[in-house]
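Everything on this sheet refers to the single structure shown next.
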Amino acid sequence: MGMLKTTHEIALLRQSANLVAQTLAEVAKHVFPGQETLVLDRIAEEFIQSHGAEPAFKGYGAPSLSPFPYTLCISVNDVVVHGFPGSYTLREGDLVSIDCGVLLNGYFGDSAYTFGVGDLSPEKIRLCTATYEALQLGISAACPHGTVGDIGFAIQRHCEVQGLGVVRDLVGHGIGSKLHETPQIPNFGRPRKGRRLRKGMTLCVEPMINLGTSDVVIDADGWTVRSADGSDSAHYEHMICINSDGSEILTTFEYIEQHITPPYKMNETLTYG
């Protein structure tokens with residue numbers, strides 16, 4: 001089955017995951033007020049290519065859409081995902097979600113991190129904290145003989161009890177020799193429902209959470225997804241592998257957080273259940 005990866009394939013995916021984490025860390029050094037988002041895109045592309053890989057998103061196509069024209073998805077404030085880099089300059093208090101993909105040795109890496117630019121409002125910190133915690137809870141729920149619904153339920157429950165909007169129109173996914181593989185990983189669900197998880201599955205878990213409504217709208221470019229009410233959005237993404245007793249996180253935020261202060265508050269006692 002293509003969803004179940006061999007030890008060799010997982011080793012290659014781990015390399016891709018490490019490179020995408022390093023790329024986001026390189027970009028993190030340049031996230032500050034006054035920075036043009038297109039500059040961040042160029043930094044990422046050069047870094048990826050200098051490590052013998054290719055940007056996974058640039059030229060990526062989807063049915064009825066023109067190919068994505070950039071290396072990074074850079075999504076500021078009310079943009080949920082798939083924002084275009086451009087002439088916009090980051091401002092104090094912005095939230096900026098940066099999603100990056102790489103293709104190395106035939107296998108993909110994919111990860112996203114929401115940065116705070118300068119000082120953030122308490123509400124933006126609350127949003128980032130809840131989204132980061134939801135990521136951790138979703139990963140904790142991913143185990144052999146569990147289900148996709150267990151992951152989604154953990155994310156949904158944690159965020160909705162705090163009055164946040166869990167985006168339903170966008171999902172996580174399997175990953176391997178293709179950027180987007182089955183199964184889809186929604187950020188909502190019911191326990192013990194949906195596809196059963198098995199050892200060897202490699203997945204991207206990526207809660208996309210809004211301060212307001214869960215509804216989204218799409219810009220005229222066909223790619224940029226925004227919260228329908230203009231509320232701020234946050235997005236964190238890890239690659240994981242289901243193993244014999246739980247899951248292993250293949251990507252890391254440690255490289256990023258060597259250069260920036262996390263925009264969320266850590267909760268060491270957070271547990272799933």
Side-chain angles (χ1 to χ4, degrees), residues 73 75-83 94-97 99 110-116 120-143 146-174 183-197 203-218 224-240 242 246-247 249 253 262-273:
C73 299
S75 305
V76 181
N77 294 328
D78 67 320
V79 179
V80 180
V81 287
H82 305 161
D94 278 346
L95 284 184
V96 54
S97 168
D99 194 351
D110 189 5
S111 184
Y113 191 93
T114 297
F115 297 84
L120 296 180
S121 68
E123 279 292 272
K124 290 186 176 185
I125 293 171
R126 183 173 78 89
L127 173 64
C128 288
T129 299
T131 307
Y132 176 79
E133 290 175 344
L135 173 67
Q136 301 303 312
L137 289 168
I139 292 170
S140 295
C143 60
T147 68
V148 165
D150 294 337
I151 299 173
F153 177 74
I155 293 168
Q156 178 184 7
R157 177 178 61 173
H158 184 70
C159 293
E160 288 188 345
V161 75
Q162 300 182 62
L164 300 172
V166 178
V167 175
R168 292 173 174 251
D169 292 0
L170 302 154
V171 296
H173 52 91
Q184 292 187 345
I185 311 295
N187 294 308
F188 62 94
R190 296 171 61 191
R192 298 176 295 281
K193 299 296 183 180
R195 187 184 293 273
R196 190 159 298 278
L197 303 174
L203 312 172
C204 288
V205 179
E206 48 178 322
M208 292 155 274
I209 309 299
N210 298 340
L211 261 177
T213 181
S214 61
D215 295 334
V216 296
V217 294
I218 302 176
T224 305
V225 180
R226 299 179 185 271
S227 62
D229 61 358
S231 60
D232 291 313
S233 187
H235 175 209
Y236 292 98
E237 177 183 10
H238 270 319
M239 287 173 59
I240 68 170
I242 306 297
S247 57
I249 301 175
F253 295 154
Y264 47 78
K265 296 180 179 179
M266 298 295 294
N267 183 352
E268 300 296 339
T269 63
L270 190 71
T271 57
Y272 174 74

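Heavy-atom basis, side chains included; hydrogens, waters and symmetry copies ignored.
Contact annotation: the side chain of Leu211 approaches that of Leu164 to within less than 4.5 Å [non-hydrogen atoms, C-beta and beyond]. Between Thr129 and Leu127 the shortest side-chain heavy-atom distance does not fall below 4.5 Å. The closest side-chain heavy-atom distance from Val166 to Met208 is not below 4.5 Å. Side-chain atoms of Pro186 and Val148, non-hydrogen and from C-beta on, do get closer than 4.5 Å to each other. Residues Ile125 and Leu120 form a side-chain contact, since some pair of their non-hydrogen atoms from C-beta on lies under 4.5 Å apart. Looking only at side-chain heavy atoms (C-beta outward), Leu135 and Phe253 come within less than 4.5 Å of each other.
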Discussion item. Using the rule given for side-chain contact (heavy atoms from CB on, under 4.5 Å), can you reason through Arg192 versus Asp150, listing the C-alpha separation, both sets of side-chain angles and the distance that settles it, and then say yes or no?
Written reply: CA-CA 6 Å; Arg192 298 176 295 281; Asp150 294 337; 4.3 Å; yes
Worksheet item: Run the side-chain hydrogen bond (donor to acceptor under 3.5 Å, both in side chains) check on Asp229 and Thr213 step by step: do they pass?
Response: CA-CA 6 Å; Asp229 61 358; Thr213 181; 5.1 Å; no
Worksheet item: Between Asp99 and His82, is a side-chain hydrogen bond (donor to acceptor under 3.5 Å, both in side chains) present by the stated rule, with each step listed?
Response: CA-CA 8 Å; Asp99 194 351; His82 305 161; 5.6 Å; no
Discussion item. Run Val81 and Leu170 through side-chain contact (heavy atoms from CB on, under 4.5 Å) and show every step you take.
Written reply: CA-CA 9 Å; Val81 287; Leu170 302 154; 3.5 Å; yes
Discussion item. Run Phe115 and Ser97 through side-chain contact (heavy atoms from CB on, under 4.5 Å) and show every step you take.
Written reply: CA-CA 6 Å; Phe115 297 84; Ser97 168; over 6 Å; no
Practice prompt. Walk me through it: do Lys124 and Asn77 pass the test side-chain contact (heavy atoms from CB on, under 4.5 Å)?
Written response: CA-CA 9 Å; Lys124 290 186 176 185; Asn77 294 328; 3.3 Å; yes
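With hydrogens and angles ignored, the 3.5 Å screen pairs a side-chain donor or acceptor of Gln156 with a backbone N or O of Gly189. Put simply, the side chain of Ser75 gets close to the backbone of Gly83: a donor and an acceptor are under 3.5 Å apart. Ser247 contributes a side-chain N or O that, together with a main-chain N or O of Ile139, makes up a donor-acceptor pair within less than 3.5 Å. Of the possible donor and acceptor atoms, none in the side chain of Asp78 sits under 3.5 Å from a partner among the backbone N and O of Ser227.
Across all their heavy atoms, Thr114 and Pro263 have their closest contact at O-CG, 3.1 Å. In plain terms, the two heavy atoms of Pro183 and Leu203 that are nearest each other are CD-CD2, 3.8 Å. Closest heavy-atom contact between Val80 and Val216: CG2-CG1, 4.1 Å. Between His158 and Gln162, the closest heavy-atom pair is O-NE2, 3.0 Å.
In this structure, SG in Cys204 is found 4.5 Å from CD in Glu237, a value given to the nearest 0.5 Å.
Both tests hold for Arg168 against Phe188: distance to the six-membered ring centre under 6.0 Å, angle to the ring axis within 45°.
Note on ring orientation: taking the six-membered ring where Trp is involved, the planes of Tyr132 and Tyr264 are parallel (angle under 30°, cut-offs 30° and 60°).
Aromatic rings from His235 and Tyr113 are positioned such that their centres are separated by 6.0 Å or more.
Residues meeting the salt bridge (charged side-chain N to carboxylate O under 4.0 Å, His left out) test with Arg126, sequence neighbours left out: Glu123.
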